[in-house]
Amino acid sequence: MRAKQHLTSLLQARVAAMGLPWPAKAVIEPPKEKQFGDLAANVALLLAKEAGKSPRDLAEDLVAAVRADGAVAAASIAGPGFLNVVFTPAFWQESVKEAEQRGETFGSSRVGNGVTVQVEFVSANPTGPLHIGHGRGAAVGDSLARLLRFAGYTVHTEYYINDAGRQMRLLGLSVWLRVRELAGREIVWPEDWYKGEYIIDIAKEMLAKDPGLAALPDEEGCDRCFEYAMRSILDGIKKDLEDFRVSHEVWFSERGLVASGAVEKAFERLRGAGHTYEHNGALWFRAMALGDDKDRVLRKSDGSLTYFASDIAYHGNKYDRGFDRLVDIWGADHHGYVPRMRAAVAALGKKPEQLDVILVQLVNLLRDGQQIAMSTRAGQFETLADVVAEVGADAARFMFLSRKSDSHLDFDLELVKQRSMENPVYYVQYAHARICAVLRKADERGIPMTPQTDGTLLSLLTENAELDLMRQIDRFEDVIESAALNLSPHHISYYLMDLAGDLHSYYAAHQVLGAGDDSLARARLALLRSVSAVIASGLSLLGVTAPESM
RNA sequence: GCGCCAGUAGCUCAGUCGGAUAGAGCAUCUGCCUUCUAAGCAGACGGUCGGGGGUUCGAUUCCUCCCUGGCGCGCCA
């Protein structure tokens, strides 16, 4: 971050002195190829037309200004007008000092500017255990929340419990029928019902507590079964999420929302602004006028509410609670619902940028390349809990967070269990463990570890591999900012793989304790400490542990 | 039929608010453990960025038309 800020301010000063506006699309970042230098800027290219000069001439001017700076070791022009800059080792060494001084806050950013954002994720119907697809949404949502917090947002996390509606009635009925079946009654199975083993378990549990249960009239039996089953399944979901290191601050009940009259209030609000009309005995929302394909029903002609109706009320409620910005994380199969929700947000008087919807693609669960079928209704699935128990939360989370969320993901249980580069989580964790081993050894040998490293000591860090590591350390905050702005936690994963790669190269090429020089050893230890701190910090944003030994 | 997402090395995937010679891991091949963890390192091999047009000084990135795969198009949730 220091490098980027430093070069930006040098260039801005020069551009301003030339009387030119700073281009909005200026990109100042590490070049694709290391050979081009430490940082590359495309400012000359962008300003050429405005300045009435060739990119080359403009670049000549800028490069001269940049070269004069003490932190710049070299600056050159390449390609169609790129400005390439190499900083002095002393400049990079400052990164280690900064990392030491800032400690756990190193890499954190203030781009969020304190904006209050709510992240709502998982929100699976409590009709059965979480499966692997929910796990992906859970990992993405949880990490995004951690990331946004680290980037200076005020973050609230929430799980929306869809405990009203037809699916839930079906759940109650399914359990009730199992109860009756277990009690030896003749059962006529309806068309749609939940067939999973867990339904039988719940029915058995209920019967054990109340053997007379099956004698209740249907309506009462269904109700009791529904309440019990939902509570039981929800408890299971909470437990599974906890084991996956995912937390929600608020569990928000749809039923409670409806009971509070919030839906009717939302209707009033929409009606007042002219967004609704009656047609064929139903209440409609003018979604088409706000960009959706068609208008949508809010209250059906039979008087009951649609899911969409309570969802509008729910989002209205979120804004009323003071969240400036909402992030919803949904399964990609709900993408058709996005325009409708956006229309609703507009009707509530909010700006489009106050709602972000992250669509998480479905997960293909494989075992040795063979697909494992998943369907909650049919009761065949690999639960999140089973997967976490088999491969571990670290490997599962890293796998989910190493892909952008809108691409399909093959999750092969055998591959994720392998401890190879097929599984980069170990590569990153191993880098951390290796550093810890060196630090332990240093401690055993009584090498003094100065807590605040001084410049003289750090000036010994001049190897290319050391400069690479320091450049990576400096880049951490840039990565955090761009990951936060793009709502893309997977950028962190890729950064960590890069950083771990540089560490492993360095480790193989240079001895730290055997450096032959006590000062050099101490300088290198300081560097390693910073690297391990950054790795641990990045991993914690992914919800992955940083083991001290492996 | 309409819409959304995807198509990048043999495989799994990054990169894409237009920028340099398109990257990584796996697989294959060649080397490296008497020294801090070989779950590692160094190197080689590997590409019409699905295809055709267009815009631009410049396109994997933007527009358009096709092809392929997935998913949506309910007074379901």
Side-chain angles (χ1 to χ4, degrees), chain A residues 24-25 27 31-33 35-36 40 42 45-46 48-49 54-55 77-82 84 125 127 162 164-168 170 192 254 279-284 293-294 296-311 331-339 359 361-362 364 369 399 402-410 412 415 418-431 433-442 444-445 485-486 488 490-491 493-494 497-498 500-501 503-515 521 524-525 528 549-550:
Chain A
K25 290 187 174 178
V27 174
K32 288 177 183 170
E33 304 278 335
Q35 51 172 323
F36 290 128
N42 65 348
L45 274 172
L46 297 174
K49 228 173 236 174
S54 75
I77 305 163
F82 279 88
N84 288 319
N125 284 355
T127 55
N162 298 138
R166 179 164 168 278
Q167 296 304 319
M168 298 312 293
L170 269 180
D192 276 339
E254 178 186 6
H279 178 66
N280 285 348
L283 180 66
W284 292 73
D293 289 345
K294 47 184 87 164
R296 306 291 175 178
V297 172
L298 296 172
R299 186 167 44 224
K300 304 177 217 170
S301 47
D302 69 2
S304 64
L305 299 172
T306 60
Y307 176 81
F308 182 47
S310 53
D311 221 9
D333 51 340
H334 291 87
H335 68 258
Y337 196 75
V338 176
L359 296 172
Q361 274 293 355
L362 304 182
N364 231 347
M399 175 59 95
S402 309
R403 300 275 186 284
K404 55 180 183 215
S405 51
D406 57 3
S407 64
H408 294 266
L409 170 63
D410 282 340
D412 192 310
L415 284 185
Q418 272 178 30
R419 304 188 155 192
S420 66
M421 257 315 267
E422 202 64 46
N423 215 359
V425 65
Y426 296 116
Y427 186 77
V428 175
Q429 289 183 319
Y430 186 51
R434 271 183 147 175
I435 293 174
C436 290
V438 176
L439 295 179
R440 273 195 303 273
K441 275 266 165 37
E444 283 166 19
R445 297 186 191 178
L485 293 173
N486 294 307
S488 297
H490 74 276
H491 288 326
S493 310
Y494 283 91
M497 288 186 249
D498 269 0
L503 183 278
H504 288 307
S505 296
Y506 178 58
Y507 185 91
H510 302 282
Q511 284 283 311
V512 174
L513 301 179
R524 289 183 169 175
L525 285 168
L528 288 197
S549 65
M550 290 172 71

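Quantities reported herein were computed from a predicted structural model and do not represent experimental measurements. Below, chain A is the first sequence line, B the second, and so on; all start at residue 1.
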- Query: Between the base of B:C75 and the side chain of A:Thr306, is there any donor-acceptor pair under 3.5 Å?
  - Reply: no

- request: Please state whether the base of B:U16 and the side chain of A:Lys404 form at least one donor-acceptor pair under 3.5 Å?
  value: yes

Picking from B:A38, B:C13, B:A20, the nucleotide nearest the side-chain atoms of A:Arg434 would be B:A38

*Contact class for A:Pro31 (heavy atom, under 4.0 Å): base, sugar-phosphate, or nothing?*
base

If you look at every strand shown and take non-hydrogen atoms under 4.0 Å, does A:Asn84 touch a base, only sugar-phosphate, or nothing?
base

message: For a quick check of understanding: with a heavy-atom distance under 4.0 Å over all strands, which category does A:Asn162 fall into, base, sugar-phosphate or nothing?
response: nothing

Would you indicate what A:Asn280 reaches in the nucleic acid, counting non-hydrogen atoms under 4.0 angstrom: base, sugar-phosphate, or nothing? base

Considering only heavy side-chain atoms of A:Val297, the closest of B:C75, B:C41, B:A39 is B:C75

ask   = A:Gln167 and A:Thr127: side-chain donor and acceptor closer than 3.5 Å?
value = no

Picking from B:A20, B:C41, B:A77, the nucleotide nearest the side-chain atoms of A:Ala508 would be B:C41

Pairing partner of B:G72, by Watson-Crick or G-U wobble and under 3.5 Å for both distances, is B:C2

Of the listed B:U37, B:A77, B:G15, the closest approach to the A:Ala437 side chain comes from B:U37

Between A:Arg403 and A:Ser407 the two heavy atoms that sit nearest each other are CB-OG, 4.2 Å

From the candidates B:C76, B:C5, B:C41, the one with an atom nearest any side-chain atom of A:Gln361 is B:C5

Of B:G19, B:C73, B:C76, the nucleotide closest to the side chain of A:Lys294 is B:C73

Which of B:A38, B:C13, B:A77 is nearest the side chain of A:Tyr507? It is B:A38

Among the nucleotides B:U21, B:U35, B:U37, whichever has the atom closest to the side chain of A:Ala433 is B:U37

Mind checking A:Ala40 for me? I need base, sugar-phosphate or nothing, with any heavy atom below 4.0 Å counting as a touch.
base

_Need one value for A:Phe308: base, sugar-phosphate or nothing, where a base atom within 4.0 Å counts as base even if backbone is also close, heavy atoms only._
nothing

Just to be sure I understand the rule, does A:His335 reach a base, reach only the sugar-phosphate, or reach nothing, if contact means heavy atoms closer than 4.0 Å?
base

Please classify the nucleic acid contact of A:Tyr494 as base, sugar-phosphate, or nothing, using heavy-atom distances under 4.0 Å.
sugar-phosphate

For this session: Quick one: label A:Ser549 by what it contacts on the DNA or RNA (base, sugar-phosphate, nothing), any heavy atom closer than 4.0 Å.
Result: base

Taking a pair to mean Watson-Crick or G-U wobble geometry with both distances below 3.5 Å, B:U28 pairs with B:A44

Check: Which is true for A:His490 with a 4.0 Å heavy-atom rule: it touches a base, it touches only sugar-phosphate, or it touches nothing?
Finding: sugar-phosphate

Looking only at B:C13, B:A39, B:C36, the nucleotide nearest the A:Asp410 side chain is B:C13

Scanning all shown strands, the Watson-Crick or wobble mate of B:U34 with both distances under 3.5 Å is none

Under 4.0 angstrom, heavy atoms only, what part of the nucleic acid is A:Ser301 near: base, sugar-phosphate, or nothing? base

